[in-house]
Amino acid sequence: MRTNLATVLLSALLFVTSYGAQADVQELGADFWAWRAVTQPDTGDDIPRIVRPDGFLPDWSQKAVAGRYKTLAEFEARWQALSGEERTASKEVDYRLVGSALARVRWELDHIAAWKRQPTFYVQQALGPIFEVLLPPPPVGSDRIHHVIRLLERAPATLAAAEENLTDMRGPFVRATFPVLLGIPDSLRGMLAGLEPYAKGREARRLKAAVEKTISAFAAYEQFLQKAALKDLSEETAVGRDSYAFFLNEVALYPYSPEEVARMGEQEWARIVAFEALEKQRNRDVPALEMKMDINQVIASVKKRELEVRSFLKDRGFLTIEDWVGHYTAQAFPAYLKPIGWLGRTFDLTSVNRLDENATVYIPDPSDHMGYFNSTFTLDPGPVIVHEGVPGHYMQLVLGWAHPNPLRRHYYDSGANEGTGFYAEEMMLQAGLFEDAPKSREIIYNFSRLRALRVDVDVKLALGIYSLEEAADVLESKVPMDKATALHEAVFFSATPGQALSYQIGKLQMIEFMSEARMKEGDAFNLQAFHDYVWLNGNVPILLQKLEYFSDLESIEPVK
C-alpha cells in the first residue's frame, strides 16, 4: 500500500471520532451497506460493483426476497425517524445519501421488478458474480477457483428461484433471453478450458462437474421459458411516468420532470450534431486514423496515452493527482475471461479494498468486427481513457473510495459518476488534450452524440413511446453504430431505465454547477480546487454536492 494511503485512513479515523451528533446516520449507513453487499443485484455495469463479503453466494429464493422487503422497511423507518433533526449542509448531504440509497432498493424491488419480470436478470445473478471474481488480473489463485466453484454450484438454485419468482414476465424480455442462453454452454466450457492452468487434481474435477451441472440447469431454464413464451404474456416493458419520476426525483435526485429531461437531451443532441459537423468540415483534408491490428501495439498505446493524460492534468492545473493513485492499464483478455466477457463491462476499476492496485481494461484481439467502443482503442485510446480511466471513472472512484467520510465511499446512482466521466471527455477536449488529434476529436463528438441520443431512448422506452426494436433502430441510424451493439443497448436501457440518461444529465448538471461556482466566486474561483472537490465526492448526486459546496440548505425540499 502506498504511503499516502495511510494518511487517508488516519483521516477517516479522525472523521468518525469527531462526527458525534451524526452517529445515527453513520450507523444507519454502515448497517445498510453491509446488508447491500449481500443483497445488491449484479448488473454487469462497472460503476455499481460492490465488494462482497467472503463466501458470498447470491440468494433469490422467495424467503430471501421477503427478507429484503422486511429489512428495507426497517431501514426506511430508521431513516424517517431521523428526519426532524437540524443539520449542517454536510450532515444533510449524508442523510439524503442514505435516503437515495434506500429509494434505489425500493426502485429495484417495486418499480423495475426485474426479479419477477425479466428472465435475463437471473442469468446475471447466477453468472455475473463469477465474472466479477475472475475480473481482476491473473494469476488466479486457489481461493478464486474455490469461489468460482461455489458460485457455479449455487447457480441451479438461483435458476430454480427464477422459476418461482417470474410471475409477471414480459414478452420482449423473455424473447431477448433466448439468444443469451444459446451461448452459455460454450461460454462456460471456454472459461473452464481457460482455467485449466490454475485448477489441478480434485479441484479441476470439481470445477468441471460444476460447469456441466450449471449448463444442465440452464437447459432446464430454457425449457421453462420456452413454455412461458407460448402463453399470453404482457408486451409492456415501460415502467411508466410515475415510476420514472420516482427514479428521477427520489433515487437519482435530479430536480427535473421526465419531460424536462427529454428536452435537455434534445437540445444537447442538436448542439453535438452541429459541432460534429463543424469538426468534420475542419478536418475534411485530414486522413482517417488507421487501426492498430497488433494487440501489443494497442496495449502500448494505452500506456503511453494514459501517461500523457496524467501529465496534461498536472501541468495545466486541472486536477490534483496524488502519488498513491495507480494507473489505468491494458492487457489482452485472459483465456478464462474472454468467453464470459459478455457478462459485464471488462474494466477492472479495482475497489475500496484494492486502492494499491492499478486498474485494468481488457482488450480483444483487433479486427474489423470489433464493437463500437472497442474499435476506438485501435484508433486512439485517448477518448475512452479520459472517460473510463484518467481523469474519469477509475480516478474518481479511487478518490471517492478513500473519502474520510465512510458514507461518501459508496455508489448511490450513476448520475454523478457517469456525469463526471462524460464531463471529463468534454473538459479534456476543450482544454486542448486533443488539439493535435483532429480525428480523435471526431470520436469524442460521436461519443457525445450517442450519450445525448441515449436520453431520448431512455425516456421514450420508460414512458412506452418506443419499443425495443424502435429504440435499436434509432441508435443504429443516428449514432450510428452496428446493429448488434444498438440492440444490446436498447435491451439494457429498457431493463434498467434511468441508467442511459445518467451520462448526459449528469454532465449538464456538472457544467451548471461549475458555472455557478465560477460566477459566485469570481476571481477567487479555483478550477483545480473545484475539480478536486467534485472528484472526491463523485459518488454523491450533484444536487447534493452543490448543497454542501454552497452551504445552501434552502435549495433542497424537506423530507416528506
Side-chain angles (χ1 to χ4, degrees), residues 34-45 48-69 71 105 108-109 114-116 118-136 140-167 177 180-181 183-196 198-199 202-225 336-337 339-344 351:
W35 174 73
R36 189 68 164 157
V38 178
T39 59
Q40 178 174 296
D42 191 288
T43 68
D45 200 1
R49 285 180 191 139
I50 194 167
V51 177
R52 305 290 191 179
D54 292 340
F56 164 77
L57 293 173
D59 187 356
W60 286 93
S61 64
Q62 290 185 342
K63 180 180 178 181
V65 173
R68 282 171 168 82
Y69 273 106
T71 304
V105 182
E108 292 167 352
L109 289 174
W115 64 277
K116 59 181 178 180
Q118 300 177 20
T120 310
F121 175 81
Y122 289 97
V123 177
Q124 193 65 45
Q125 304 321 302
L127 301 181
I130 297 170
F131 167 81
E132 292 188 4
V133 167
L134 294 176
L135 188 61
V140 179
S142 183
D143 58 336
R144 283 211 270 173
I145 293 292
H146 286 159
H147 199 175
V148 168
I149 291 171
R150 293 178 69 249
L151 288 167
L152 283 167
E153 291 174 342
R154 183 69 169 189
T158 300
L159 298 177
E163 295 190 21
E164 293 183 342
N165 293 340
L166 288 168
T167 57
T177 307
V180 176
L181 295 176
I184 285 177
D186 286 345
S187 294
L188 292 181
R189 290 180 180 129
M191 177 194 74
L192 176 65
L195 287 173
E196 283 183 359
Y198 306 101
R202 181 177 178 276
E203 193 176 65
R205 292 191 295 273
R206 187 181 168 195
L207 179 62
K208 182 177 180 180
V211 164
E212 292 305 321
K213 286 181 180 179
T214 299
I215 290 172
S216 296
F218 272 106
Y221 186 51
E222 182 176 9
Q223 291 178 358
F224 162 75
L225 293 177
Y336 54 82
L337 188 63
I340 61 170
W342 56 272
L343 284 164
S351 74

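In this structure, the side chain of R144 engages the main chain of P136 through a donor-acceptor pair within 3.5 Å. Side-chain atoms of H147 come within 3.5 Å of backbone N or O of F56 as a donor-acceptor pair. Checking side-chain atoms of Y122 against main-chain N and O of W115 turns up a donor-acceptor pair under 3.5 Å. Under the 3.5 Å distance criterion, the side-chain polar atoms of R150 are left unmatched by any main-chain donor or acceptor of L57.
Within the 4.5 Å cutoff, the side chain of I184 has heavy atoms near those of the L127 side chain. Residues T177 and E222 form no side-chain contact, since every pair of their non-hydrogen atoms from C-beta on lies 4.5 Å or further apart. The closest side-chain heavy-atom distance from M191 to L152 is below 4.5 Å. Inter-residue side-chain proximity for T43 and Q124 is flagged as unmet; no heavy-atom pair is nearer than 4.5 Å. At a threshold of 4.5 Å between non-hydrogen side-chain atoms, the residues L166 and F224 count as touching. Annotation: side chain of L181 is in contact with side chain of L225 (closest heavy-atom distance under 4.5 Å).
A distance of 10.0 Å separates CG of L207 from NE2 of H146, quoted to the nearest 0.5 Å. Taking OG1 from T214 and CG from L188, the interatomic distance works out to 6.5 Å, rounded to the nearest 0.5 Å. In this structure, CZ on R154 lies 12.5 Å from CD on Q125, to the nearest 0.5 angstrom. Put simply, CG on L134 and CG on L195 are 5.5 Å apart, with the number rounded to the nearest 0.5 Å.
Closest approach of Q62 to N165, counting heavy atoms only: CG-OD1, 3.3 Å. Residues V180 and W342 approach most closely at CG1-CZ3, 3.6 Å, considering heavy atoms. Heavy atoms only, all atoms of each residue included: L151 and P58 are closest at CD2-CD, 3.7 Å. Residue R206 comes nearest to I149 through the heavy atom pair NE-CG2, 3.2 Å, listed as atom of the first residue, atom of the second, then distance. Nearest heavy atoms, R49 versus L135: NH1-CD2, 3.2 Å. The nearest pair of heavy atoms linking G128 to D42 is C-OD2, 3.5 Å.
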Side-chain donor-acceptor contacts of residues 155-163 below 3.5 Å, not counting sequence neighbours, with atom names and distances?
none

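R52 meets the salt bridge (Lys or Arg N to Asp or Glu O under 4.0 Å) test with no other residue; sequence neighbours excluded. Not counting sequence neighbours, R68 has no partner by the salt bridge (Lys or Arg N to Asp or Glu O under 4.0 Å) test.
Using the six-membered ring where Trp is involved, Y221 and F218 have ring planes that are perpendicular, over 60° apart on the 30 and 60° scheme.
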